Amino acid sequence: MKKYFSMLAVALTLSLGFTACDVETDEEPGGVAIQNMCGYWDVSVSQVDENGNVVWEPDELFGVVDVPFYTFNTAGNSTTEMWVDDQGEFWDYKFKVNIDYDAGTFSATDVVYHPDFYDLEEDERETATITDGKIMLGKGHNIHGLPCDSISFYIEFSDDPYGSAYGYAKHLVTGVRHSGFTE
């Protein structure tokens, strides 16, 4: 009798094991629709004048040299917009930008850049504008000289006291995809 129970247990185990391996879908795993533009970046921020000339180097500007920066897809997995976020490390902004995925470009005009501003009256909300945003695959170099992706863009904030006081309205943000290497 013991022999029959053992055989029954083995048969039951095998039948359950094979049913657990059945294919439930024909979907293949993959990334998000804009996966080449999504990432964690190490960027530096410079202040520039209207002609794009650097006025303040990264270390002179609020003591900011290396800033973590994130680009990521929207919940709808859109191919026409993505999120940009500095995690509060520079100006504390997070908002959606328009993208051209094939060209690797992005921009935004007068968008409310922080969730706290949504509760304010429309004329009291602070805004940001991004121009000339570009992600270039394989065009940057990490600290060891190996190729990696690079990012650059200009950003302006409506509440920038340096921009309005001195006429230096833009910040130039440049950097490379985070590699995990440190100096």
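Values below: every heavy atom of this structure, side chains too, minus hydrogens, waters and symmetry copies. Quick caveat: nothing in here was measured; it's all calculated off a predicted structure.
- By the side-chain hydrogen bond (donor to acceptor under 3.5 Å, both in side chains) test, Asp92 pairs with His114, sequence neighbours left out.
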Taking it one step at a time, do Lys96 and Thr74 satisfy side chain to side chain contact (heavy atoms under 4.5 Å, CB included)?
CA-CA 8 Å; Lys96 290 180 188 176; Thr74 62; 4.1 Å; yes
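- Every side-chain hydrogen bond (donor to acceptor under 3.5 Å, both in side chains) that Ser78 has, sequence neighbours left out, goes to Thr80.
- Inter-residue side-chain proximity for Ser152 and Asp132 is flagged as unmet; no heavy-atom pair is nearer than 4.5 Å.
- Looking at heavy atoms from C-beta onward, Met37 lies out of side-chain contact with Asp100 at the 4.5 angstrom threshold.
- Between Trp91 and Phe157, the two ring planes are parallel [angle under 30°; tilted spans 30° to 60°].
- One finds the CG atom of Asn142 at 11.0 Å from the CG atom of Asp149 (value rounded to the nearest 0.5 Å).
- Closest approach of Pro147 to Gly138, counting heavy atoms only: CB-O, 4.2 Å.
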Could you please spell out the steps behind the side chain to side chain contact (heavy atoms under 4.5 Å, CB included) verdict for Thr129 and Ile155?
CA-CA 6 Å; Thr129 297; Ile155 188 165; over 6 Å; no
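- Every residue meeting the side chain to side chain contact (heavy atoms under 4.5 Å, CB included) condition with Pro68, not counting sequence neighbours, appears here in chain and number order: Tyr40, Tyr70, Glu89.
- Distance check: Cys148 SG to His178 NE2 gives 11.0 Å after rounding to the nearest 0.5 Å.
- Note that the CD1 atom of Ile130 and the CG atom of Asn98 stand 10.5 Å from one another [nearest 0.5 Å].
- A distance of 5.5 Å separates CG in Asn73 from CD1 in Ile34, rounded to the nearest 0.5 Å.
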May I have the step-by-step check of side chain to side chain contact (heavy atoms under 4.5 Å, CB included) for Phe69 and Val84, ending in yes or no?
CA-CA 8 Å; Phe69 180 74; Val84 295; 3.7 Å; yes
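- Remark: the backbone N or O of Ala103 is paired with a side-chain donor or acceptor of Lys134 at under 3.5 angstrom.
- Applying the side-chain hydrogen bond (donor to acceptor under 3.5 Å, both in side chains) rule to Asp85 yields the partners Gln87; only residues at least two apart in sequence or on another chain are considered.
- A donor-acceptor contact closer than 3.5 angstrom is absent between the side chains of Tyr113 and Asp86.
- Taking the six-membered ring where the residue is Trp, the centroids of His171 and Phe90 are separated by under 6.0 Å.
- The ring pair (Phe, Tyr, Trp, His ring centres under 6.0 Å) search around Tyr154 returns none, not counting sequence neighbours.
- Side-chain atoms of Met82 and Val97, non-hydrogen and from C-beta on, do get closer than 4.5 Å to each other.
- Note: the hydrophobic cluster containing Leu137 also contains Ile151 (ILVMFWY, side chain heavy atoms under 4.5 Å, direct or indirect links).
- Contact record, Ala33 with Thr79: CB-CG2, 3.6 Å, taken as the closest heavy-atom pair.
- Val67 and Val176 fall into different hydrophobic clusters, where Ile, Leu, Val, Met, Phe, Trp and Tyr side chains are chained together by heavy-atom contacts under 4.5 Å.
- To the nearest 0.5 Å, atoms OH (Tyr93) and CH2 (Trp83) are separated by 13.5 Å.
- The closest donor-acceptor contact from the side chain of Arg177 to the backbone of Cys38 lies under 3.5 Å.
- Legend: residues meeting ring pair (Phe, Tyr, Trp, His ring centres under 6.0 Å) with Phe106, ordered by chain and number and at least two apart, are Phe153.
- Going from atom CD of Glu156 over to atom OG1 of Thr127 covers 9.5 Å, rounded to the nearest 0.5 Å.
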